[in-house]
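Working notes, structure below.
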Amino acid sequence: MSDKQTFEKARNETISYHKLYYSRHQLFEKDSWLAKPDSGLIQLLEKSLIADYRRAGRNDTLCLLDLGSGVGRNAVPMAMTLQKEELPAKLIAVDVLAESIDILTKNCTKYDVAEIIEPVVADNDEFIIEAASYDLIAAISVVEHCAGKVKVLKLLKAIAKGLKPGGFARIEMTTDRNVIDLKTKQAVPTYVETPLSESQVREMFTEAFAECQTISLEVFPYKEVLDKDDRKILWQSKQVSFSVRAKEKESTK
Ligand SMILES: C[S@@+](CC[C@H](N)C(=O)[O-])C[C@H]1O[C@@H](n2cnc3c(N)ncnc32)[C@H](O)[C@@H]1O
């Protein structure tokens with residue numbers, strides 16, 4: 001298979017997996033991965049961003065970006081928190097899949113956060129992240145869907161550059177994918193646009209966020225049993241997640 005064919009196969013697998021998953025599971029449904037937001041992200045929003053904003057006596061509009069937002073597992077709770085705290089805020093939620101954005105738009109109405117969230121259909125490989133524009137950028141389980149390692153690194157660097165001074169980013173990436181047929185225990189071919197190992201992600205992270213302060217870097221195992229072509233398969237991978245903070249503006253005193 002050529003690189004282009006492998007990429008197209010991976011992209012089709014990503015699209016069909018998410019279309020099916022979002023058609024079968026509702027936002028915040030128990031026993032699904034949509035049940036709860038990413039706890040590290042919510043902690044970053046509440047304990048770091050909002051706390052700092054209040055401490056600094058700011059009153060400007062907070063700008064947030066959620067890349068690969070899906071149906072709003074993280075965007076909706078973040079917007080609800082900002083609303084509850086009565087903070088002026090705008091959250092751009094980007095996903096390549098039109099079906100995700102349709103469901104997200106309905107969820108924004110359902111959870112009364114349509115004024116804060118702006119849903120956008122776009123591919124992260126094309127989406128332009130304006131420099132020094134965001135107080136918080138989230139990219140949870142999506143960066144590995146860029147079209148190759150060069151684009152993964154480009155996106156990570158764009159995230160770092162897109163942060164305002166003192167802004168925060170939370171990124172989670174799936175690495176070291178291993179899929180087996182539960183009955184035969186044989187390996188099942190698995191396709192992702194950019195297969196990555198934990199060490200590759202660590203290297204890219206170090207390069208892209210050299211100018212930022214690392215708040216946390218965690219690695220934990222992930223397992224999920226899935227139905228595929230009438231058989232049960234076991235998906236195993238690692239989740240590498242990190243939270244960073246951009247440098248504050250240098251004092252002119
Ligand atoms: C594993 S889901 C995670 C969704 C969400 N971040 C969350 O944590 O619930 C990955 C999402 O990224 C989207 N996606 C995949 N490739 C993308 C790309 N190149 N650009 C933007 N979104 C993409 C998928 O449609 C899907 O909604």
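What you are looking at is a predicted structure, and each value in this text was computed from that prediction instead of being measured. We count ligands from 1, going down the list as the structure has it; atoms in each ligand are counted the same way.
S243 and R170 share a side-chain donor-acceptor pair at under 3.5 Å. Looking at E144 and T194, their side chains never bring a donor and an acceptor atom within 3.5 Å of each other.
Among pairs with a residue in residues 77-87, those fulfilling side-chain hydrogen bond (donor to acceptor under 3.5 Å, both in side chains) read R54-E85, at least two apart in sequence or across chains.
Ring pair F28/Y111: centre-to-centre distance below 6.0 Å.
In this structure, ligand 1 sits under 4.0 Å from heavy atoms belonging to R11, T14, H18, Y22, W33, G68, S69, G70, R73, N74, D95, V96, L97, S100, A122, D123, N124, I140, S141, V142, H145.
Applying the side-chain hydrogen bond (donor to acceptor under 3.5 Å, both in side chains) test to E248 and every residue at least two apart in sequence or in another chain returns R245.
Other cluster members for I180: L182, V225, L234, joined by side-chain heavy-atom distances under 4.5 Å among Ile, Leu, Val, Met, Phe, Trp and Tyr.
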